[in-house]
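Following: one structure in structure tokens, then a few remarks.
All values below were derived from every heavy atom in this structure, side-chain atoms included, with hydrogens, water molecules and symmetry-related copies excluded.
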Amino acid sequence: MTATDVKKTLADEAKLLEHMIAAVKEFDCSDFTGQARFIKESWASFLGDRCQTNKALVEVDDFELVIDLTEEKCQVEQYVRATNPTAGYTETWEKFLTCERDILKSLVDKARNGKYAE
């Protein structure tokens, strides 16, 4: 896989995200509490930001793509280290963030494809 393939993957994800955003926005939340409506809008916003980032990354040169994805991977690695589930902690953010980090690492490795070695 090359940077071109990674950009295609990001474009595909953006397309998927657009459908997810529409589903979230169109979901009838008329019986939700105010807090639940806020969460719904927050998810739509988060997915929208991710979608726009992917679309922007498709347009950058290969070197900038590797730099951006590497920086994002480093940030997620910090989140993974900061996540400390305890016996009473019911969220599974560490698993989610670890998966996200591994995906980013794979994309960086594939985009780099032997170029821009650290």
**Request:** Under the ring pair (Phe, Tyr, Trp, His ring centres under 6.0 Å) rule, collect the residues that match up with Phe38, sequence neighbours excluded.
**Result:**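 Checked Phe38 against ring pair (Phe, Tyr, Trp, His ring centres under 6.0 Å); zero matches.
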
**Item:** Partners meeting ring pair (Phe, Tyr, Trp, His ring centres under 6.0 Å) with Phe32 (sequence neighbours left out)
**Value:**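 Scan of Phe32 (ring pair (Phe, Tyr, Trp, His ring centres under 6.0 Å), adjacent residues dropped) gives Phe27.
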
Once rounded to the nearest 0.5 Å, what's the spacing between atom [atom1] of [X] and atom [atom2] of [Y]?
X      : Y      : atom1 : atom2 : result
Leu104 : Gln75  : CG    : CD    : 10.0 Å
Cys29  : Ile39  : SG    : CD1   : 11.0 Å
Asn54  : Asp49  : CG    : CG    : 11.0 Å
Thr98  : Ile103 : OG1   : CD1   : 11.0 Å
Leu57  : Lys55  : CG    : NZ    : 13.0 Å
Lys105 : Lys73  : NZ    : NZ    : 7.0 Å

**Complete:** The side chain to side chain contact (heavy atoms under 4.5 Å, CB included) partner of Thr70 among Ile67, Val66, Asp68 is Val66

Tell me, do [X] and [Y] make a side-chain contact under 4.5 Å, heavy atoms counted?
X     : Y     : result
Lys7  : Glu59 : no
Val24 : Met20 : no
Val58 : Lys8  : no
Leu10 : Thr53 : no

**Message:** Could you walk me through whether Glu13 and Thr9 satisfy the side chain to side chain contact (heavy atoms under 4.5 Å, CB included) test, starting with their C-alpha distance in whole Å, then the side-chain angles of each, then the deciding distance to 0.1 Å, before giving a yes or no?
**Reply:** CA-CA 6 Å; Glu13 182 184 19; Thr9 298; 5.7 Å; no

**Item:** Any donor-acceptor pair under 3.5 Å from Arg37 side chain to Ser30 backbone
**Value:** yes

**Prompt:** Is a side-chain N or O of Asp5 found less than 3.5 angstrom from the main chain of Thr2, in a donor-acceptor match?
**Reply:**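 Yes; at least one donor-acceptor contact below 3.5 Å.
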
**Prompt:** Do Leu65 and Val76 share a hydrophobic cluster, counting only Ile, Leu, Val, Met, Phe, Trp and Tyr and linking them when any side-chain heavy atoms are less than 4.5 Å apart?
**Reply:**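 In one cluster with Leu65: Val76, yes.
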
**Joint hydrophobic cluster, Val6 plus Leu16, side-chain heavy atoms closer than 4.5 Å** =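 No; tracing contacts between hydrophobic side chains, which count when under 4.5 Å, never links both residues.
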
**Fill in**
Nearest heavy-atom contact between Ala14 and Cys51 is O-SG, 3.4 Å

**Request:** Could you please spell out the steps behind the side chain to side chain contact (heavy atoms under 4.5 Å, CB included) verdict for Leu97 and Glu77?
**Result:** CA-CA 8 Å; Leu97 292 168; Glu77 285 175 345; over 6 Å; no

